[in-house]
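Heavy-atom basis, side chains included; hydrogens, waters and symmetry copies ignored.
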Amino acid sequence: LLLLLVSVCSLTSCKPGSNENNTPDTPATIKLKSQSVAENEVLTAGEQTIQLVFDKMVKLQNGAKITLNDSMLIPQVEAMNVSFVVELAFETQYTLTVPAGAFVSVKDTAVKSEAVTIHFSTSEKPAQMPFQLGLGWNLGNQFESHINGVAGETAWGNPACTQATMDGVKAAGFTWVRIPVTWMGHIGEAPAYTIEEAWINRVAEVVEYAHQAGLKAVINIHHDGADSKYWLNIIAARSNEEKANEIQQELVALWTQIATRFADAEDWLMFEVMNEIQDGSWGTGKPNEYKVMNAWNQACVDAIRATGGNNATRWIGCPAYNTNLTAAMNGWEKPNDPANRVALAVHTYDPYNFTLECSQNTWGTDAEKATLDSYMKSINDNFLNKGIPVYIGEMGCCKRENADDEQYRCNYLNYFAKAAKQYGISFALWDNGSWGPSGKGGKESNLFINHATGQYPEPAAQTAVEALVSGYK
């Protein structure tokens, strides 16, 4: 009997390559090695990339349904790496579901991936920041105008600003005014670089006009750095550390004096440390230029904070190279600030041929709107969602000589305002007080409000401003 049992065993369960249930071996499984998002991690809203790394080279199985909550995802697959680019909302619970077999081995399609499920969420939407300028207007070609290296309020033909100017700006629906100021010609010798008292007093007088009108105000250092032609010269500084430090000392001296002069002003006043600092090419800059700009921004913030009073917590605008958004994404660094009240300053006149050159008279295709939407979204994704305030210090659109083309200007202004408002982005309309060389419109014709009276110079200007204001409501 014992011999019989041994014989049965040798013929059945003891056969090589079989198991107790007589079922075939299960193919190997593709295992998850790592993931970029941990279980129950809290992410920041906006565009995010989720990455999975498997232990074998994989490809997507036909018909695989990978989801983030109820949305289908299309992965990018490269060797063992799988990534998903997703757009996340604030305060939302998410589940990434990758079913078993969604991926198969490149070498053997019978080898399939294991199921992957990741739960995560996004952070709360930040409370409304105290930085909120709203819809602004530029007193352009006024205090930043200059002749032969000397700044003058009326040097480029605009009349002197009055209280009526600011009252009219307020009545038009604006909430803040940017007052560009050039200081050259009113600066003493090194090392004190003393600002001429009459000049800073006149600036202060106009700043008070804005305050009395119920407007917030922003003042800056403007054309001292225009195209690197004057003392605030990034061409000289980018390759010469000694020169960069010399210019930095002058910036510190000026901002120490300006901040001291306005130390008692409350939060209705903001400082913007520089304007469009660039080398004359109007490009996006280079790393050595970013390095200089970041150092100058930090030095200005430190100088302003050191003066105390309300300057200890005053909002400060720090520009990217050329106030360019791409440059900001490439190399702008937020200055260290104990008050955490620094905002990035950028400008946009895109598309240039339509907004400033006036060689293009129509605007509003789907592609043109998408470009503008993308600009605002980039501000949101790269800065606002990371807790960095941003404002657009300049934007605008020139007057058309042909009345029929004016509707395109109004459409652009209205759409721009809506696109900015969607993300809560503050911006200021550029008004240079001019209707261009012809006096009827065209290139650089950006007169919306009379710089002396605060009144609309013509019905078309009022229509354009109303289109802008209505878009921001």
Side-chain angles (χ1 to χ4, degrees), residues 44-49 85 87 131 138 178 180 220 222 225-228 232-235 237-239 272-298 300 316-335 342-357 360 363 365-397 412 415-417 419-430:
T44 301
E47 186 177 287
Q48 296 281 2
T49 299
V85 178
E87 188 71 28
F131 178 80
N138 273 276
R178 182 170 176 262
N220 72 355
H222 203 83
D227 295 331
S228 289
L232 187 46
N233 184 329
I234 200 163
I235 294 177
R238 67 191 178 190
S239 57
E272 178 184 275
V273 300
M274 291 172 282
N275 184 47
E276 296 165 340
I277 305 301
Q278 47 93 29
D279 63 7
S281 67
W282 295 95
T284 57
K286 302 177 180 66
N288 59 341
E289 292 165 325
Y290 302 155
K291 180 180 178 181
V292 172
M293 283 295 297
N294 290 329
W296 286 352
N297 278 332
Q298 183 67 64
C300 292
I316 302 172
C318 290
Y321 176 87
N322 194 23
T323 58
N324 180 279
L325 181 59
T326 299
M329 293 188 291
N330 288 344
W332 184 85
E333 295 177 1
K334 183 180 179 183
V342 169
L344 168 64
V346 295
H347 296 172
T348 182
Y349 290 100
D350 186 44
Y352 175 81
N353 288 341
F354 179 73
T355 62
L356 282 182
E357 186 69 25
Q360 171 187 338
W363 182 89
T365 66
D366 289 344
E368 287 168 334
K369 291 178 179 179
T371 298
L372 185 49
D373 289 335
S374 178
Y375 182 87
M376 300 300 177
K377 186 177 184 299
S378 291
I379 290 177
N380 182 68
D381 292 351
N382 290 282
F383 298 101
L384 299 184
N385 271 346
K386 298 176 182 178
I388 300 173
V390 181
Y391 67 101
I392 301 171
E394 292 182 22
M395 58 75 62
C397 195
Y412 173 83
Y415 195 90
F416 188 104
K421 183 68 173 181
Q422 178 182 356
Y423 296 105
I425 299 170
S426 301
F427 69 90
L429 175 69
W430 181 251

Separation between [atom1] of [X] and [atom2] of [Y], rounded to the nearest 0.5 Å:
X    : Y    : atom1 : atom2 : value
I425 : N380 : CD1   : CG    : 6.5 Å
E276 : W282 : CD    : CH2   : 4.0 Å
M395 : L356 : CE    : CG    : 10.0 Å
I235 : I277 : CD1   : CD1   : 11.5 Å
E368 : Y415 : CD    : OH    : 11.0 Å
I388 : N382 : CD1   : CG    : 9.0 Å

Exercise for the section: Given side-chain contact (heavy atoms from CB on, under 4.5 Å), test D381 with E87 step by step and report yes or no. Expected result: CA-CA 10 Å; D381 292 351; E87 188 71 28; 4.1 Å; yes
Practice task
Report, as yes or no, whether the 6.0 Å neighbourhood of atom NZ on K377 holds more than 12 heavy atoms from other residues, nucleotides or ligands.
Solution key: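 Count over threshold, so yes.
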Under 3.5 Å, side chain of [X] to main-chain N/O of [Y], donor-acceptor pair present?
X    : Y    : result
S374 : A370 : no
N294 : G331 : yes
S228 : Q278 : yes

Practice task
Report the C-alpha distance between N385 and Y423 in whole Å, list the side-chain angles of each, state the deciding distance to 0.1 Å, and finish with yes or no for side chain to side chain donor-acceptor pair (under 3.5 Å).
Solution key: CA-CA 10 Å; N385 271 346; Y423 296 105; over 6 Å; no
Residue pair [X] / [Y], side-chain heavy-atom distance below 4.5 Å:
X    : Y    : result
T323 : E394 : no
N297 : V342 : no
Q298 : E333 : no
D279 : S281 : yes
C300 : I316 : no

Do you know the tightest heavy-atom contact between [X] and [Y]?
X    : Y    : result
P351 : Y412 : CD-CE1, 4.3 Å
C318 : P335 : SG-CG, 3.9 Å
G396 : Y349 : N-CE2, 3.6 Å
A320 : A328 : CB-CB, 3.6 Å
T284 : Y290 : O-OH, 2.6 Å
Y391 : G317 : OH-CA, 3.7 Å

Handout entry: Any donor-acceptor N or O pair under 3.5 Å, side chains N138, R178
Key =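 Indeed, the side chains of N138 and R178 share at least one donor-acceptor pair under 3.5 Å.
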Exercise for the section: Pick out which of N220, N324, V273, N275 makes a side-chain contact (heavy atoms from CB on, under 4.5 Å) with P319. Expected result: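 Testing P319 for a side-chain contact (heavy atoms from CB on, under 4.5 Å) against N220, N324, V273, N275 leaves exactly one candidate, V273.
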Practice task
Determine the sole option in T348, T355, D350, L429 for which the side-chain contact (heavy atoms from CB on, under 4.5 Å) test with F416 is passed.
Solution key: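 Single side-chain contact (heavy atoms from CB on, under 4.5 Å) partner of F416 among T348, T355, D350, L429: T348.
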Practice task
Check the angle between the aromatic planes of F383 and W332 and answer parallel, tilted or perpendicular using the 30° and 60° thresholds.
Solution key: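 Taking W332 first and then F383, their aromatic rings stand perpendicular (interplane angle over 60°).
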Problem - Intermediate values then yes/no, side-chain contact (heavy atoms from CB on, under 4.5 Å), F427 and M376 - result: CA-CA 11 Å; F427 69 90; M376 300 300 177; over 6 Å; no
Exercise for the section: Output, in order, the C-alpha distance, side-chain angles, deciding distance and verdict of side-chain contact (heavy atoms from CB on, under 4.5 Å) for E47 and V85. Expected result: CA-CA 7 Å; E47 186 177 287; V85 178; 3.8 Å; yes
Handout entry: Stepwise side-chain contact (heavy atoms from CB on, under 4.5 Å) test for K369 and W363
Key = CA-CA 9 Å; K369 291 178 179 179; W363 182 89; 3.8 Å; yes
